[in-house]
Amino acid sequence: MTQKIFWDEPYQTTLDTAVSQVDGEHVQVESTIFFAFSGGQESDEGSLGGYPVIKAERLGLGIVYTLPHDHSLRVGDRATWQIDWERRYRLMRLHFAAEMVLQLVYQLRPGIERIGAHIAQDKARIDFASDVSLAPLFPEIEWEAGNLTTRDLPILTGFSDIQTQRRYWKVDGFAMMACGGTHPKSTREVGAVKLKRKNTGRGKERIEIMLVDAQPTA
């Protein structure tokens, strides 16, 4: 099982590891800082042993990385991870921005159902089952999200179940939820957010979340 360093050290951009399995272009390693698509959060970008990672996929509790077919890595080889920090940090900030928005919508519309989510480098989105527009909530959500970031609250993460690798985040006084993504250390790092409504069909409301401030210092 791959040791997922990105959970405890989400700001780490390089890591030396050992190759544990090789099946053609598919490679597994003993430890990784390279997040694989999960929970709507896109994968990191970067390289392993100097080879660009083409794809990252979860396989049970492990992760399989696809490298170019002509890579030369073998089981037991030492290799160094390098990830794109700018992309990682944007994903971390947008992920938690989306989590704040989600929790605020839950508070303002009790019982509403989330039916989808996606976190990319440029923006995040959350889909809800709703027959009415959620746009009237945006001014209050943006204000409350701004208040949370101004208060610079610690974002605590950990395992709710170590064996199954179930994770959670918690901000005292705000919310707690299951989540296996990467997150910044504090709400301040998210910065200001802007919301946009997109009606994608009857009975479905989409909220798009964008970062509008200059990137704060980590």
Side-chain angles (χ1 to χ4, degrees), residues 1-99 116-126 155 157 159 164-167 169 179-185 189-191 193 208-218:
M1 180 174 64
T2 304
Q3 183 182 9
K4 302 174 182 67
I5 306 297
F6 52 71
W7 278 332
D8 293 324
E9 302 293 342
Y11 296 80
Q12 188 168 333
T13 59
T14 64
L15 176 73
D16 292 329
T17 188
V19 176
S20 57
Q21 292 188 46
V22 176
D23 181 10
E25 67 267 33
H26 302 130
V27 175
Q28 297 185 55
V29 292
E30 291 182 355
S31 56
T32 183
I33 54 171
F34 194 112
F35 183 83
F37 183 91
S38 179
Q41 180 179 332
E42 290 186 357
S43 298
D44 286 324
E45 291 182 357
S47 63
L48 174 64
Y51 298 101
V53 176
I54 298 170
K55 190 175 184 179
E57 299 175 279
R58 290 186 177 272
L59 180 65
L61 298 181
I63 301 176
V64 176
Y65 297 99
T66 302
L67 302 182
H69 71 277
D70 59 349
H71 77 87
S72 61
L73 294 179
R74 298 293 181 263
V75 172
D77 285 354
R78 302 297 300 181
T80 299
W81 281 112
Q82 297 276 352
I83 65 166
D84 181 335
W85 168 244
E86 182 178 353
R87 175 180 171 81
R88 158 66 68 81
Y89 197 44
R90 289 279 300 185
L91 288 169
M92 286 166 57
R93 294 173 63 214
L94 273 163
H95 191 152
F96 201 75
E99 304 282 49
H118 189 88
I119 296 92
Q121 185 175 348
D122 58 338
K123 64 183 176 182
R125 65 166 173 80
I126 311 173
I155 301 170
T157 62
F159 285 104
T164 59
Q165 296 194 352
R166 294 184 183 276
R167 301 276 295 178
W169 66 257
C179 182
T182 57
H183 302 92
K185 293 182 292 187
E189 293 183 47
V190 174
V193 300
E208 294 184 339
I209 303 116
M210 291 148 285
L211 303 177
V212 296
D213 64 323
Q215 180 168 300
T217 302

Supply the atom-to-atom distance [X] [atom1] to [Y] [atom2], rounded to the nearest 0.5 angstrom.
X     : Y     : atom1 : atom2 : value
Ile33 : Ile83 : CD1   : CD1   : 4.5 Å
Glu25 : Ile54 : CD    : CD1   : 7.5 Å
Ser20 : Gln3  : OG    : CD    : 12.0 Å

Item checked: Ring centers of Phe35, Trp7 separated by less than 6.0 Å -> no
Which pair of non-hydrogen atoms, one from [X] and one from [Y], has the smallest distance, and what is that distance?
X      : Y      : result
Arg58  : Gly180 : NH2-O, 4.2 Å
Phe159 : Gln165 : CE2-CA, 3.8 Å
Ala98  : Ile126 : O-CD1, 3.2 Å
Ala120 : Leu94  : O-CD1, 3.3 Å
Leu48  : Thr17  : CD1-CG2, 4.2 Å
Leu91  : Gln121 : CD2-N, 3.8 Å

Item checked: Inter- and intrachain pairs under side-chain hydrogen bond (donor to acceptor under 3.5 Å, both in side chains), touching residues 66-78, at least two apart ->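 Listed once each, the pairs are Tyr51-Ser72.
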Side chain to side chain, [X] and [Y], heavy atoms closer than 4.5 Å:
X      : Y      : answer
Lys4   : Ile63  : yes
Lys123 : Arg125 : no
Ile5   : Thr32  : no
Leu67  : Val53  : yes
Tyr89  : Pro10  : no

Using only atom types and a distance under 3.5 Å, with no angle test, would you say the side chain of [X] pairs donor to acceptor with the backbone of [Y]?
X      : Y     : value
Arg87  : Asp44 : no
Ser43  : Phe37 : yes
Gln12  : Thr14 : yes
Thr182 : Met92 : no

Checklist line | Distance-only donor-acceptor check, side chains Thr2 and Gln28, under 3.5 Å | finding: no
Check: His183 vs His95 aromatic rings, parallel, tilted or perpendicular, using cut-offs 30° and 60°?
Finding: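 Tilted.
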Item checked: Phe34: ring pair (Phe, Tyr, Trp, His ring centres under 6.0 Å) partners, not counting sequence neighbours -> Tyr65, Trp81
Next item on the list: With side chain to side chain contact (heavy atoms under 4.5 Å, CB included) as the test, would you mind laying out the steps for Phe6 and Arg88 before giving the verdict?
Entry: CA-CA 10 Å; Phe6 52 71; Arg88 158 66 68 81; 3.8 Å; yes
